[in-house]
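Beneath this line is the structure, given in structure tokens, with notes to follow.
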Amino acid sequence: MGTLSHTAGKMAFSTAINAAQHSSEENREKMIRKLLDLMEKYMSDEKLDINFNTARDMISAKDGTLNKYINRLFEEVHPHVLKTTALNLGFESFFSGTKTIRKMREIHECNVPWLILMDPTSACNLHCTGCWAAEYGNKLNLTFEEMDRVIMQGKELGIYFYMLTGGEPLVRKADIIRLCKKHNDCAFLAYTNGTLVDENLCKEMQAVGNFYLALSLEGFSEVNDLRRGKGVYEKVMHAMDLLKKYGLIFGTSICYTSKNIETIVSDEFVDLLVQKGNRYAFYFHYMPVGNDAAVDLLPTVEQRKFMYKRVREIRDMRNGKGLFTMDFQNDGEYVGGCIAGGRNYFHINANGDAEPCVFIHYSNANIRTHTLLEILKQPIFMAYRDHQPFNKNHLRPCPMLENPEFLVKMVQETGAQSTDLQSPESAEHLCAKCHEYAKAWTPCAEQLWEENPHVEPKYENYKPENTNHNRIVS
């Protein structure tokens with residue numbers, strides 16, 4: 001099966017998905033297991049951190065969380081959306097794209113990401129406390145043609161997944177839908193405040209089938225609206241109701257701070273998300289980015305330790321809540337540490353500047369003057385590749401938050417310039433806010449890493465001499 005052409009492989013996946021969609025609930029499990037068999041055969045020549053036998057057992061456990069989660073997808077998600085997601089996000093991105101990307105990393109001897117994050121605009125209809133995006137101002141935009149060109153070049157490298165943020169990306173929803181239509185083999189996800197979701201957008205999302213949302217939420221109305229503005233919580237709840245009504249795939253994006261941690265992982269809050277139709281929740285550790293960043297929003301050591309355990313409890317697909325959760329700071333072991341600098345992703349801001357991370361606003365290149373491959377070979381991106389992983393303990397993955405000495409050094413040595421046009425911040429100023437945090441977190445991270453089993457990946461996409469952490473440890 002691994003030798004099948006792309007066309008034959010996609011056709012086989014499409015046939016298997018059709019069979020699952022048209023089977024009765026009693027036969028659905030059998031069809032899904034066949035689809036899993038197909039995946040295993042197609043990826044047989046790749047090193048994957050997937051235990052297919054375990055997955056089969058979990059799918060077969062009728063009282064288990066994964067079985068229920070999958071059945072809800074088939075029952076609640078529009079058939080066209082579900083099939084398009086399986087083909088685009090599943091086959092094109094996860095499977096076929098992974099094969100191509102791994103080959104491109106060897107050929108070009110640089111990082112090649114699995115996804116690209118773009119800001120269609122810096123404009124936003126809200127001004128949330130502690131939001132780094134507000135630093136950009138509201139007059140920057142990528143044209144449709146520029147975003148289209150990024151995607152065309154990305155697909156040549158095997159990249160079929162594109163995330164959009166801002167600003168508020170849905171300010172540009174007409175162009176986003178246009179991109180979804182043109183690149184109907186890709187998957188698109190927008191991080192949005194949810195206030196611009198309406199019936200017409202939901203109809204368009206259902207028609208294209210390859211556009212998903214992550215709605216920003218900080219807790220219940222009192223906490224959420226304190227940071228985002230009065231009435232925003234109710235607008236997000238309304239948006240979720242509309243998205244569920246139209247059978248769309250969506251989830252939440254949650255920035256956790258010292259002020260909201262207990263709320264955003266409480267049983268009451270998570271149960272609400274599941275009931276509203278959320279399929280995933282992305283938890284982001286607050287980053288003190290920007291000259292006016294509120295450092296007191298950084299979680300304490302005990303709070304972060306609590307998040308480490310709690311997010312995994314929620315995510316448990318045997319006995320958990322039925323919500324796929326990911327904590328981008330505490331789940332580093334599953335992705336080999338820092339994923340920035342093009343290792344698994346990078347960020348293009350609304351001015352076209354190519355930044356190694358959405359939180360790291362320094363660059364040597366712009367999409368208006370450089371191709372994607374030229375960007376991935378720019379000094380700041382190559383510095384990331386030279387030094388990843390920044391720490392053998394993947395609970396300390398970041399070159400800013402947990403290993404701040406790395407970012408200062410990389411910016412200085414590569415000559416990367418601040419991309420913030422409103423209020424440029426030096427790497428020294430940014431990282432100075434992280435030293436105390438990093439020092440406090442280190443002993444706890446070391447204890448957690450030592451006492452808990454963690455994933456040993458079969459495939460490590462580091463620079464060859466950095467594999468198995470032979471070089472960079474801290």
Side-chain angles (χ1 to χ4, degrees), residues 129-135 255-261 283-308 327-333 335-341 343 347 355-363 379-381 383-420 423-450 466 469 471-474:
T129 303
C131 177
W132 54 266
E135 296 264 328
C255 175
Y256 64 90
T257 73
S258 60
K259 311 296 184 185
N260 71 346
I261 276 182
Y283 287 96
F284 292 89
H285 188 291
Y286 173 75
M287 297 289 197
V289 177
N291 284 308
D292 299 324
V295 180
D296 65 323
L297 290 176
L298 281 167
T300 66
V301 169
E302 285 304 313
Q303 286 176 322
R304 180 165 172 183
K305 184 178 179 181
F306 166 72
M307 284 294 290
Y308 167 84
D327 180 338
F328 284 84
Q329 218 61 30
N330 285 334
D331 282 333
E333 68 186 83
V335 289
C338 171
I339 63 173
R343 181 172 166 268
H347 177 234
E355 303 169 334
C357 176
V358 71
F359 300 112
I360 306 297
H361 301 161
Y362 306 97
S363 178
I380 189 67
F381 282 81
Y384 266 74
R385 183 172 184 262
D386 287 341
H387 293 304
Q388 285 166 332
F390 297 105
N391 202 299
K392 63 181 179 180
N393 181 338
H394 294 324
L395 290 174
R396 300 169 58 201
C398 180
M400 176 189 78
L401 188 66
E402 294 103 351
N403 308 279
E405 66 280 1
F406 275 103
L407 183 61
V408 172
K409 181 181 179 182
M410 289 192 297
V411 171
Q412 289 175 345
E413 292 182 349
T414 62
Q417 300 296 308
S418 172
T419 55
D420 195 314
S423 180
E425 181 179 28
S426 69
E428 290 82 358
H429 183 271
L430 170 62
C431 292
K433 292 175 286 187
C434 301
H435 280 290
E436 186 177 337
Y437 176 96
K439 183 178 180 181
W441 172 243
T442 295
C444 183
E446 294 301 322
Q447 183 180 1
L448 286 173
W449 192 252
E450 189 70 29
N466 294 3
H469 321 309
R471 290 185 61 219
I472 305 300
V473 297
S474 176

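Scope of the values below: all heavy atoms of this structure, side chains included, with no hydrogens, waters or symmetry mates.
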Which donor-acceptor pairs under 3.5 Å do side chains of residues 296-304 form with protein atoms, sequence neighbours excluded?
residue: Thr300; atom: OG1; partner: Gln303; partner atom: N; Å: 3.1
residue: Thr300; atom: OG1; partner: Gln303; partner atom: OE1; Å: 3.4
residue: Gln303; atom: OE1; partner: Thr300; partner atom: N; Å: 2.9
residue: Gln303; atom: NE2; partner: Ser258; partner atom: O; Å: 3.0
residue: Arg304; atom: NE; partner: Asn330; partner atom: OD1; Å: 2.8
residue: Arg304; atom: NH1; partner: Glu402; partner atom: OE2; Å: 2.8
residue: Arg304; atom: NH1; partner: Tyr437; partner atom: OH; Å: 3.0
residue: Arg304; atom: NH2; partner: Gln329; partner atom: O; Å: 3.4
residue: Arg304; atom: NH2; partner: Asn330; partner atom: OD1; Å: 3.3
residue: Arg304; atom: NH2; partner: Leu395; partner atom: O; Å: 3.0
residue: Arg304; atom: NH2; partner: Glu402; partner atom: OE2; Å: 3.0

With sequence neighbours left out, the residues meeting side chain to side chain contact (heavy atoms under 4.5 Å, CB included) with Gln412 are Val408, Glu428
Heavy-atom closest pair, residues Lys392 and Trp449: O-CZ2, 3.8 Å
OG1/Thr419 to NE2/His361 distance, rounded to the nearest 0.5 angstrom? 6.0 Å
Determine whether a donor-acceptor pair (N or O, by modelled atom type, separation under 3.5 Å) exists between the side chain of Gln388 and the backbone of Ala340. yes
Passes side chain to side chain contact (heavy atoms under 4.5 Å, CB included), Tyr286 versus Leu401? Steps please. CA-CA 10 Å; Tyr286 173 75; Leu401 188 66; over 6 Å; no
Under the rule for side chain to side chain contact (heavy atoms under 4.5 Å, CB included), what residues qualify as partners of His435, not counting sequence neighbours? Pro404
CD of Glu425 to NZ of Lys433: how many Å apart, nearest 0.5 Å? 3.5 Å
CA sep, side-chain torsions, deciding dist, call: Tyr362, Gln417, side chain to side chain contact (heavy atoms under 4.5 Å, CB included): CA-CA 5 Å; Tyr362 306 97; Gln417 300 296 308; over 6 Å; no
Under 3.5 Å donor-acceptor, Asn466 side chain and Asp386 backbone: yes
For the CG atom of Asn393 and the CD atom of Glu446, what is their distance to the nearest 0.5 Å? 4.5 Å
Within this structure, what is the SG-CE distance for the pair Cys434 and Met287, rounded to the nearest 0.5 Å? 8.0 Å
Quick check against the 3.5 Å criterion: does Asn403 have a side-chain atom that pairs as donor or acceptor with the backbone of Arg396? yes
Applying side-chain hydrogen bond (donor to acceptor under 3.5 Å, both in side chains) to Glu333 and not counting sequence neighbours gives Arg312
I need the minimum non-hydrogen distance between Pro399 and Cys338, along with the two atoms involved. CD-SG, 4.0 Å
Spatial distance of atom OH (Tyr384) from atom CG (Leu407) [nearest 0.5 Å]: 5.5 Å
Taking atom SG of Cys357 and atom CZ of Arg343, what is their separation to the nearest 0.5 Å? 13.0 Å
Identify the heavy atoms of Asp420 and Ser423 that sit nearest to each other, and give their distance. OD1-N, 2.9 Å
Among residues at least two apart in sequence or on other chains, which ones pass ring pair (Phe, Tyr, Trp, His ring centres under 6.0 Å) with Phe328? Phe282, Phe284
Give me the atom names and distance for the closest heavy-atom approach of Thr257 to Asn260. N-OD1, 2.7 Å
Just to verify, what does Thr414 make a side chain to side chain contact (heavy atoms under 4.5 Å, CB included) with, not counting sequence neighbours? Asn364, Pro379, Ile380, Ala383, Ala416
